[in-house]
Amino acid sequence: MLIVAYDDVQILDIACPSGALDIANRYGADPPYAVELGTVGRRAARSSAGIVLGAAQGLEAVTGRLDTLIVVGGVGSENAAADEQLLAQVRRLASCSRRVASVCTGTFLLAAAGLLDHRRVTTHWRYGERLAARHPAVAVDVGPLYIRDGHIYTSAGVTSALDLTLSLIEDDHGPTLTRTVARELVAPVHRSADQAQISMFLAAPPPEDRLVRDLSGYISGHLAEDLTPRALAARAGVSARHLTRLFNAHLGTTPARAVRAARTEAAAVLVRSSGLPLAAIARRCGFRSAQTLRQAFLDHYGVGGDTMRRMPDMGRTLVPVREKTAPHDT
């Protein structure tokens, strides 16, 4: 396995896959993973954290078949995606690799190398719009943590590299080793590819009550699933009435309203950061239809989805308004 690096790379993009694969080897991955860092000219790569990484391989010296090629991201990805020498090596190495993956803004390098045309890909949610504008032949979807399209894997921001790597380990060695690696890493759970990356930054601060906090995290990570008060109460092992009391006490709202707010805020992020149609966003975030989502936007933000998509900066212009009616059926 070869990890491609360059100056101002994000060190976590390298550490997550290499660390997980090292642990897989220690717990008996057979065949074991051989991981090397490669750069153009075998030059040392300076990470954006200031740590200098020595390269084991010069990209131009790598020949023969590769099992996996991983191109990582970072603040230097903009310059790297304009480096024709680097892109030529990425293109060549990808052609002789069983599978090709990118982490975060490493997607920009794969796209610039012409490897993502007519493929569905993801990247860090903040850069999805830019990637889609720069490469119109690429189908950008910033919803999932990672996407596999054929032999090409793309993943969202930094720590989703761990989710992607666990997925690769499972493909290679099965779920038992994967669970062992996740436990060793004290990873919460091996998150599935379609879990929304947007669940990581929904606006509400974590509540102090552990049960409410755990349920809030579950809600934001499983927006398209059954999140009725009855289902949430069953998951928490309490009555629906007690759950409502807890939510009112610690969040100042009912479970149904909390779910609707989480779904609406997640959908707003997707509207602004992806080119997905409203109907697809509605399904992903747990709404029954695009019309139901439009009504949720009006109730929550006072604007419709089309207006929201035209706003230049959602973070500064969208402020939730107080809903005056009971939550509509989502």
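Computed from a predicted model, the values in this text were never measured in an experiment. In this chain, numbering begins with 1 at the start of the sequence shown.
Here the shortest heavy-atom pairing between Pro17 and Ala161 reads CD-CB, 4.0 Å. The heavy-atom pair separating His222 from Leu227 by the smallest distance is O-CD1, 3.5 Å. Taking each heavy atom of Val138 and Ala111 in turn, the nearest pair found is CG2-CB, 4.5 Å. Nearest heavy atoms, Arg263 versus Cys285: CG-O, 2.8 Å. When all heavy atoms are compared, the tightest approach of Thr253 to Ala258 is CG2-CB, 4.0 Å. Taking every heavy atom of both residues into account, Ala224 and Arg284 meet most closely at CB-O, 3.5 Å.
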* Asked: Is there a side chain to side chain contact (heavy atoms under 4.5 Å, CB included) between Arg119 and Thr154 once you walk through the steps?
  -> CA-CA 10 Å; Arg119 291 187 183 274; Thr154 53; over 6 Å; no

* To do: Walk me through it: do Asp141 and Arg120 pass the test salt bridge (charged side-chain N to carboxylate O under 4.0 Å, His left out)?
  => CA-CA 7 Å; Asp141 180 354; Arg120 178 171 168 258; 3.0 Å; yes

* To do: Evaluate side chain to side chain contact (heavy atoms under 4.5 Å, CB included) for Leu251 paired with Ser216, printing each intermediate quantity in order.
  => CA-CA 10 Å; Leu251 295 179; Ser216 297; 4.0 Å; yes

* Verdict with reasoning, Ile152 to Arg99, per side chain to side chain contact (heavy atoms under 4.5 Å, CB included) -> CA-CA 6 Å; Ile152 303 282; Arg99 60 191 175 194; over 6 Å; no

* To do: Apply the test side chain to side chain contact (heavy atoms under 4.5 Å, CB included) to residues Thr165 and Val181: give CA-CA distance (whole Å), side-chain angles for both, the deciding distance (0.1 Å), then the verdict.
  => CA-CA 10 Å; Thr165 307; Val181 173; over 6 Å; no

What side-chain donor-acceptor pairs closer than 3.5 Å can you find for residues 32-40, not counting sequence neighbours?
from  : atom 1 : to     : atom 2 : distance (Å)
Tyr33 : OH     : Asp172 : OD2    : 2.7
Tyr33 : OH     : His173 : NE2    : 3.4
Glu36 : OE1    : Gln57  : NE2    : 3.1
Thr39 : OG1    : Arg43  : N      : 2.9
Thr39 : OG1    : Arg43  : O      : 2.6

Would you list the atom pairs, donor with acceptor, under 3.5 Å between side chains in residues 69-81 and any protein atom, with sequence neighbours excluded?
from  : atom 1 : to     : atom 2 : distance (Å)
Ser77 : OG     : Gly74  : O      : 2.8
Ser77 : OG     : Thr105 : OG1    : 3.1
Glu78 : OE2    : Arg134 : NH1    : 3.2
Glu78 : OE2    : Arg134 : NH2    : 3.1

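Scored by the side-chain contact (heavy atoms from CB on, under 4.5 Å) test, Ala240 finds Ala233 as partners (sequence neighbours excluded). Legend: residues meeting salt bridge (Lys or Arg N to Asp or Glu O under 4.0 Å) with Asp209, ordered by chain and number and at least two apart, are absent. With sequence neighbours excluded, the residues forming a salt bridge (Lys or Arg N to Asp or Glu O under 4.0 Å) with Asp214 are Arg210, listed by chain and number. A search for salt bridge (Lys or Arg N to Asp or Glu O under 4.0 Å) contacts involving Arg42 returns nothing, not counting sequence neighbours.
Under the 3.5 Å distance criterion, the side-chain polar atoms of Arg294 are left unmatched by any main-chain donor or acceptor of Leu278. Although no hydrogens or angles enter the test, the distance criterion places a donor-acceptor pair under 3.5 Å between the side chain of Thr178 and the main chain of Gly174. Between the side chain of Thr254 and the backbone N or O of Asn248 there is no donor-acceptor pair closer than 3.5 Å.
For the ring-ring contact (aromatic ring centres under 6.0 Å, His included) condition, no pair includes a residue of residues 47-84, sequence neighbours left out. The list of salt bridge (Lys or Arg N to Asp or Glu O under 4.0 Å) pairs with a residue in residues 223-240, not counting sequence neighbours, is empty. Here ring-ring contact (aromatic ring centres under 6.0 Å, His included) pairs that include residues 228-267, with residues two or more places apart or in two chains, number zero. Each salt bridge (Lys or Arg N to Asp or Glu O under 4.0 Å) pair with one or both residues in residues 49-63, not counting sequence neighbours, would appear here, but there are none. Pairs engaging residues 21-31 under the salt bridge (Lys or Arg N to Asp or Glu O under 4.0 Å) rule: Asp22-Arg26 [sequence neighbours left out]. Each ring-ring contact (aromatic ring centres under 6.0 Å, His included) pair with one or both residues in residues 97-116, not counting sequence neighbours, would appear here, but there are none.
Interatomic distance, OG1 of Thr292 versus CZ of Arg260, reported as 8.0 Å (0.5 Å rounding).
No option in Val142, Leu116, Val121, Thr122 other than Val121 meets the side chain to side chain contact (heavy atoms under 4.5 Å, CB included) test with Leu131.
When hydrophobic clusters are built by joining Ile, Leu, Val, Met, Phe, Trp and Tyr residues whose side-chain heavy atoms come closer than 4.5 Å, directly or via intermediates, Ile3 is not grouped with Val52.
The 12-atom threshold is exceeded at CZ of Arg65, counting heavy atoms of other residues, nucleotides or ligands nearer than 6.0 Å.
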